[in-house]
2 protein chains.
Amino acid sequence: MPTLERSNPLPLYYQLKEVLKEQIHAGHLAPHTSIPSEPELVNSYHVSRATVRQALAELVHEGLLYRQHGKGTFVCEPRVQQTVSILTSFTEEMKRRGKRPGGILLISELVRGSETIRRQLQVTDTEQLIRFERLRTADGTPIAYETDYLPYPRAAAIYGRAREVAEGSLNSLMIAEGLTPSIIEQKLSADRANKREVELLAIAPDEPGLRLFCILFEQTGAPIACSESFYVGSRYAFEVTLRSGR
Amino acid sequence: MPTLERSNPLPLYYQLKEVLKEQIHAGHLAPHTSIPSEPELVNSYHVSRATVRQALAELVHEGLLYRQHGKGTFVCEPRVQQTVSILTSFTEEMKRRGKRPGGILLISELVRGSETIRRQLQVTDTEQLIRFERLRTADGTPIAYETDYLPYPRAAAIYGRAREVAEGSLNSLMIAEGLTPSIIEQKLSADRANKREVELLAIAPDEPGLRLFCILFEQTGAPIACSESFYVGSRYAFEVTLRSGR
DNA sequence: CAGTGGTCTAGACCACTTC
DNA sequence: AAGTGGTCTAGACCACTGG
């Protein structure tokens with residue numbers, strides 16, 4: 001049994017979480033089997049009950065465990081453990097699905113942008129917007145056509161590293177530059193492709209697809225990016241797993 | 001200032017949550033303003049710091065508050081406070097959007113069902129499935145066509161109250177019968193309508209729409225229902241708000 | 001420096017489940 | 001009755017933020 005390190009800068013409850021996660025993912029704890037009780041964990045790891053409970057509460061929130069009053073704490077089924085994923089990151093999602101993510105950066109420029117987008121990004125009247133146009137691929141097949149907007153003076157570092165966006169890693173680039181998306185607001189509708197999309201995605205003009213509008217916010221609610229994408233219907237479906245009673 | 005009742009069967013941390021929620025929704029605490037600090041709440045409500053922290057932690061999880069180490073606890077913007085809602089309940093979602101939800105129960109029957117659906121609902125070889133077919137409307141306009149499946153012996157009470165499903169409240173009926181959906185797995189793709197959908201929804205044969213496959217699970221991961229729906233693209237768009245770093 | 005939230009302890013009592 | 005998780009207390013020390 002691994003032990004928790006008090007010299008480790010990571011908190012004890014976090015270390016305990018990692019240990020339990022590791023045991024679940026390694027298959028040492030099968031779905032619907034109970035994990036050790038709170039007093040047992042207290043004795044095994046030499047921490048207080050409050051620390052154990054903080055670790056367990058977070059794992060319940062993350063969908064790895066469920067608890068039943070008077071009975072015990074149990075391991076969730078793998079399907080329940082899935083992360084929520086209606087495209088927080090195209091690149092990450094493709095990897096999750098076992099596909100090779102790729103892309104082409106078609107345009108990167110500074111523009112004024114429409115009033116709607118300016119309002120969404122809450123820019124002042126004189127500020128400009130960074131605009132990227134990207135073709136996104138999975139295993140080499142074009143899947144979607146995406147346009148991204150970021151507020152210029154704020155995301156200037158991103159614009160300077162535009163070449164890296166070509167590889168499809170805008171999301172990780174934003175995190176690296178200190179613009180961490182914490183809230184994602186999305187609107188998803190069925191639509192037909194426009195001319196440019198038909199051409200670049202090489203599809204029939206009446207092929208149905210999914211149009212996704214997306215606004216990213218920081219934890220505080222400050223907008224840091226927005227995007228519009230068209231996903232070819234026959235090549236991509238969104239998957240979402242939600243846990244209620246959070 | 002409201003006080004917490006120790007005679008109240010509801011836990012103190014829960015009562016404190018309700019008080020804070022009430023103050024936020026009433027607008028007494030504006031977005032990005034700080035709420036009282038932990039010691040202040042301890043003194044005001046005569047509870048321990050752990051109780052205060054449990055209340056605050058849950059409100060952070062629900063997207064009502066955010067915290068900054070060393071600075072304070074702040075009220076999130078309304079948009080961040082939105083509930084995640086890619087259709088956990090059509091009826092509830094329509095109310096949220098200010099539309100009058102309605103529906104027509106076209107069919108309620110017991111069937112064997114396809115092997116795919118039987119596998120998803122994990123029924124034994126001899127068990128039957130309840131099958132509902134529903135037209136779902138908002139302000140009288142047909143929005144979607146939905147087929148629901150539930151395992152028969154388990155959801156027998158639902159079948160007995162099938163008439164109530166007509167009003168579109170299958171979700172609340174399930175909760176009332178002790179089948180509480182806790183995890184929702186959804187797959188959303190762009191598609192064309194089939195003949196029956198074209199007819200019942202009164203749309204053009206090539207009108208694009210959203211096809212939603214949905215499986216509901218209990219907290220334990222046991223499946224309790226699944227459904228397939230077709231939403232008319234020009235009449236409905238899905239909205240999702242996600243909070244990462246949960 | 002004082003004030004904030006982040007982590008942690010060692011207890012206590014209760015409600016629910018199982019036997 | 002024994003074991004489980006649910007709630008609650010009264011402390012403690014730390015790390016981060018601001019003036």
Side-chain angles (χ1 to χ4, degrees), chain A residues 3-20 29 32-61 64-76 178 180 182 218-220 245-246, chain B residues 3-20 29 32-61 64-76 178 180 182 218-220 245-246:
Chain A
T3 56
L4 311 184
E5 291 299 331
R6 297 190 112 81
S7 57
N8 191 325
L10 290 172
L12 293 173
Y13 80 89
Y14 189 87
Q15 293 184 50
L16 179 53
K17 270 180 71 178
E18 292 297 308
V19 169
L20 293 171
L29 294 168
H32 300 298
T33 58
S34 68
I35 67 163
S37 69
E38 293 182 0
E40 281 170 350
L41 291 170
V42 165
N43 291 328
S44 301
Y45 293 97
H46 307 102
V47 290
S48 72
R49 193 176 159 211
T51 302
V52 167
R53 282 184 62 78
Q54 180 166 6
L56 296 185
E58 295 197 4
L59 291 172
V60 168
H61 255 302
L64 289 167
L65 300 175
Y66 64 92
R67 319 194 75 177
Q68 292 187 351
H69 197 170
K71 296 178 84 171
T73 305
F74 306 87
V75 179
C76 282
T180 309
S182 183
E218 287 185 301
Q219 196 197 14
T220 60
R246 318 196 312 156
Chain B
T3 56
L4 310 185
E5 291 299 331
R6 295 190 113 81
S7 57
N8 191 325
L10 290 173
L12 292 172
Y13 80 89
Y14 189 86
Q15 292 183 51
L16 179 53
K17 270 180 70 178
E18 292 298 308
V19 168
L20 292 171
L29 294 167
H32 301 298
T33 57
S34 68
I35 67 164
S37 69
E38 295 183 1
E40 282 170 350
L41 291 170
V42 166
N43 291 329
S44 301
Y45 293 97
H46 308 102
V47 291
S48 71
R49 191 175 162 214
T51 302
V52 167
R53 281 184 63 78
Q54 180 166 5
L56 296 185
E58 296 197 4
L59 290 172
V60 168
H61 255 301
L64 288 166
L65 300 175
Y66 63 93
R67 321 194 74 177
Q68 291 188 351
H69 198 169
K71 297 180 84 172
T73 305
F74 306 87
V75 178
C76 283
T180 309
S182 182
E218 288 185 298
Q219 196 196 16
T220 61
R246 318 196 313 157

Using a cutoff of under 3.5 Å, can you pull out all pairs of nitrogen or oxygen atoms linking the protein to nucleotides 10-12 of chain C, with atom names and distances?
{"unit_1": "C:dA12", "atom_1": "N6", "unit_2": "A:R49", "atom_2": "NH1", "d": "3.0"}

To the nearest angstrom, the CZ-P distance between B:F74 and C:dG3 comes to 16 Å
Side chain to side chain contact (heavy atoms under 4.5 Å, CB included) filter on B:V47, not counting sequence neighbours, yields B:L4, B:R6, B:L12, B:Y45, B:T51, B:V52
OG1 (B:T73) and CG (B:L64) are apart, to the nearest 0.5 Å, by 12.5 Å
To the nearest 0.5 Å, atom CD1 of A:I35 lies from atom CG of A:L29 at 7.5 Å
Under a 4.0 Å heavy-atom cutoff, the residues of residues 4-14 of chain A touching DNA chain C are A:R6, A:P11, A:L12, A:Y13
B:E40 atom CD is separated from C:dA2 atom C1', nearest whole Å, by 13 Å
When rounded to whole Å, the CD1 to C1' distance for the pair B:I35 and C:dG5 reads 11 Å
- Look at the side-chain N and O atoms of A:R67 and state whether any lies under 4.0 Å from the OP1 or OP2 oxygen of D:dG6. yes
Here the distance between atom C1' of D:dG5 and atom CG of A:L41, to the nearest Å, is 12 Å
Here the gap from A:E18 atom CD to A:L16 atom CG, rounded to the nearest 0.5 Å, amounts to 10.0 Å
query: Just to confirm, is there a sub-4.0 Å distance from OP1 or OP2 of C:dT4 to any side-chain nitrogen or oxygen of B:S37?
result: yes
By side chain to side chain contact (heavy atoms under 4.5 Å, CB included), B:H32 pairs with (sequence neighbours left out) A:T220, B:Y66, B:E77
A:N43 CG to D:dT4 P, in whole Å, measures 11 Å
Restricting to nitrogen or oxygen on both sides, can you table the protein-nucleotides 17-19 of chain C pairs closer than 3.5 Å?
{"unit_1": "C:dT18", "atom_1": "OP1", "unit_2": "A:K71", "atom_2": "NZ", "d": "3.4"}

So the salt bridge (charged side-chain N to carboxylate O under 4.0 Å, His left out) pairs with at least one residue in residues 32-44 of chain B (sequence neighbours excluded) are B:E38-B:R49, B:E38-B:R53, B:E38-B:R67
The side chain to side chain donor-acceptor pair (under 3.5 Å) partners of B:Q54 (sequence neighbours excluded) come to none
In whole angstroms, the gap separating C1' of C:dT7 from CG of A:L56 amounts to 16 Å
### Task
Using a cut-off of strictly less than 4.0 Å, decide whether A:Q54 has a side-chain nitrogen or oxygen near OP1 or OP2 of C:dT7.
yes
Sorted by chain and number, sequence neighbours left out, ring pair (Phe, Tyr, Trp, His ring centres under 6.0 Å) with A:Y13 holds for none
In whole angstroms, the gap separating P of C:dT9 from OH of A:Y45 amounts to 15 Å
N or O in side chain of B:T51 less than 4.0 angstrom from D:dT9 OP1/OP2:
yes
Rounded to whole Å, the CZ-P distance (A:R53 to C:dT9) equals 15 Å
